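Notes follow once the structure below has been shown.
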Amino acid sequence: MDLDGGAGNNKRVFNRHGTDSSKNQKVCFHWRAGKCTRFPCSFLHSEPSHPSGSAAAASSSSTANGSGAPKRFADDSRFSGSAQRRGPNFKNNHNNSWGRMGANNKVVRKTEKVCNYWVQGNCTFGDKCRFLHSWSLGEGFSMLNHLDGHQKLLSGIVLPAGMDKLFTGSKDETLRAWDANSGQCTGVINLGGEVGCMISEGLWLFVGIPNAVKAWNTQTNQEFSLSGPAGQVYAMIVGNGLLFAGTQGQSPSIIGFLQEGILAWKFNAVTNSFEPAASLKGHTLPVVSLMVGANRLYSGSMDHSIKVWSLETLQCLQTLTEHTNVVMSLLCWDQFLLSCSLDQTIKVWVASENGNLEVTYTHNEEHGLLNLRGMHDLESKPVLLCACNDNYVRLYDLPSFSERGRIFAKQEIRAIEVGPSGLFFTGDGTGFKVWKWAEPVATT
């Protein structure tokens, strides 16, 4: 396991001051704890002073004249749907200018590393180890539990509203139910195919597997199998009374375009069954991400594009082509659409005067992005959770994109879910972890 390295657990990194001020050194973590036994030590045994002189004065002047003052975003009630899928709004945030402060406010540096021996359970250095003995780095959140059971990568975590159960789906072809209070696994269902995605909507739990969607009524325990998909079902969303599924589809070489990329079903209460309602065609490769907002359906594909569909007519209104690789995840947040891709970028889209979406901000990462989720911490500050294919989840304050922490894993984290009361969940190939935001510190 090769995770980026560094010294110190949940500590900030400072610039070392000495004979060579151009070198970016670190304060000794063990010196801070009063335990450093190295002499000479290669790290700083003092806290650095703050910058002064003309540079500081210039910075102060820039702040004073208001040139970097952020604009407030208007709250937009056009977006509908569950908060877990949409993400929270910015009404409690006072620094809402995309990326304005992200470059200079990072708590986490790229020189942090998890101890390989600690991961294997046999590090002999204990507190003196210069590497992290923790699955996270950052302040304001902590891990509550780590639950094992699945044998392969988790591809879905859902918490149906009003239930005390949590459900997980995996590439090991099983669906597991967990007691939300005790953390015990209460049931396992063998599905006969890899789980590509999972969602819950009202009383319904939907699970996408190859060539089918499984549906369970969590109140009556009725089970349905929705046929029609061709290949793996990668993404699902509910909008305007329809269940949409993004599928692998079929791409015959003679035809040259994707068939049945997005399928839709409608529940018929009279016949007590799900009936096919529509097939949305236009993408040329499998559809792997879906999102609903502002009476629109957004679909991201392996063909590098995002398509915007009317939920009323199911016609394609716009095709967005600014990404250069697979569009892995989409998120509606107020009047904005966020998209992430294996091209190592997160793009923030906003509607122009003519109603078409345009990129208003691009955030660059060093690795491909897999999943986006939005939530508020317990101080009502908006936070974006971004899973990358280097086995990390980055946590960003929005809209500044200031990094406030990271979560590490042994394998890729494909599943992220947001729960009530500051809880959130991350799943990889070893199981899933339960995290919680800390209560804000009272000030007098």
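Computed from a predicted model, the values in this text were never measured in an experiment.
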Nearest atoms (heavy-atom pairs only) where Gly156 meets Met198: O-SD, 3.7 Å

Ile199 side, atom CD1; Leu243 side, atom CG - distance, nearest 0.5 Å: 5.5 Å

Side-chain touch Arg414/Asn371, heavy atoms, less than 4.5 angstrom: no

Pairwise distance OH(Tyr396) to CD(Glu365) - rounded to 0.5 angstrom: 3.0 Å

Donor-acceptor contact present, side-chain Thr247 to main-chain Gln232, <3.5 Å: no

Non-hydrogen atoms of Pro420 and Leu159 that approach each other most closely: CD-CD2, 4.3 Å

Check against side chain to side chain contact (heavy atoms under 4.5 Å, CB included), Lys307 and Ser301: CA-CA 9 Å; Lys307 286 188 178 292; Ser301 170; over 6 Å; no

Shortest non-hydrogen contact from Asp428 toward Lys410: OD2-N, 3.8 Å

Any side-chain heavy-atom pair of His283 and Ser305 under 4.5 Å: yes

Residues Phe167, Val207; criterion side chain to side chain contact (heavy atoms under 4.5 Å, CB included); working and verdict: CA-CA 10 Å; Phe167 297 90; Val207 181; over 6 Å; no

Donor-acceptor under 3.5 Å (Ser310 side chain, Gln315 main chain): no

Residues Leu342, Leu370; criterion side chain to side chain contact (heavy atoms under 4.5 Å, CB included); working and verdict: CA-CA 7 Å; Leu342 294 182; Leu370 305 173; 3.9 Å; yes

Gap separating the CD1 atom of Ile413 from the CZ atom of Phe425, nearest 0.5 angstrom: 14.0 Å

Where Asn356 and Asn354 come nearest, the two heavy atoms and their spacing: N-OD1, 2.9 Å

Residue pair Glu275 / Lys266, side-chain heavy-atom distance below 4.5 Å: no

From Leu385 atom CG to Leu372 atom CG, the distance as rounded to the nearest 0.5 Å: 9.0 Å

4.5 Å side-chain heavy-atom contact, Phe432 and Arg176: no

Parallel, tilted or perpendicular, as decided by the 30° and 60° cut-offs, for the rings of Phe274 and Phe224: perpendicular

Aromatic ring pairing Phe141/Trp437, orientation class (parallel under 30°, perpendicular over 60°, tilted between): perpendicular

Geometric class of the Tyr361/His363 ring pair [parallel <30°, tilted 30-60°, perpendicular >60°]: tilted

Euclidean distance, Ile209 CD1 relative to Ser155 OG, rounded to 0.5 Å: 11.5 Å

Donor-acceptor pair, side chain of Ser289 and main chain of Val327, under 3.5 angstrom: yes

Side-chain (Gln318) to main-chain (Gly355) donor-acceptor, under 3.5 angstrom: no

Main-chain N/O of Gly192 paired with Asn190 side-chain donor or acceptor, under 3.5 Å: no

Single hit among Asp164, Thr186, Thr168 for side chain to side chain donor-acceptor pair (under 3.5 Å) with Trp178: Thr168

Residue pair Leu154 / Ile157: nearest heavy atoms and the distance that separates them: CD2-CG1, 4.1 Å

Side chain to side chain contact (heavy atoms under 4.5 Å, CB included) evaluation trace for Trp204 with Asn217: CA-CA 5 Å; Trp204 294 98; Asn217 186 309; 3.8 Å; yes

Over 12 non-hydrogen atoms of neighbours within 6.0 angstrom of NZ in Lys436: yes

Student check: side-chain heavy atoms of Gln248 and Pro286 closer than 4.5 Å: yes

Phe408 vs Leu137 side-chain heavy atoms within contact, under 4.5 Å: yes

Any donor-acceptor pair under 3.5 Å from Thr218 side chain to Leu203 backbone: yes

Test item: Met328 and His323 side chains (from C-beta on) under 4.5 Å apart, heavy atoms: no

Check: Leu311 main-chain N/O paired with Asn240 side-chain donor or acceptor under 3.5 Å: yes

Polar side-chain atom of Asn145 near backbone of Val434 as donor-acceptor pair, under 3.5 Å: no

Worked check of ring pair (Phe, Tyr, Trp, His ring centres under 6.0 Å) between Trp309 and Phe244: CA-CA 12 Å; Trp309 311 81; Phe244 296 95; 9.1 Å; no

Side-chain (Asn391) to main-chain (Glu412) donor-acceptor, under 3.5 angstrom: yes

Name of the residue among Leu330, Thr321, Thr319 meeting side chain to side chain contact (heavy atoms under 4.5 Å, CB included) with Ile306: Leu330

Gln219 CD: over 12 foreign heavy atoms closer than 6.0 Å: no

Spatial distance of atom CD (Glu201) from atom CE (Met236) [nearest 0.5 Å]: 11.5 Å

Student check: side-chain heavy atoms of Phe424 and Arg373 closer than 4.5 Å: no

Backbone N/O of Gly149 and side chain of Gln151: donor-acceptor pair under 3.5 Å: yes

Which atom of Leu314 lies closest to which atom of Ala278, heavy atoms considered: CD1-CB, 3.4 Å

Atom NZ of Lys165 with >12 non-hydrogen neighbours under 6.0 angstrom: no

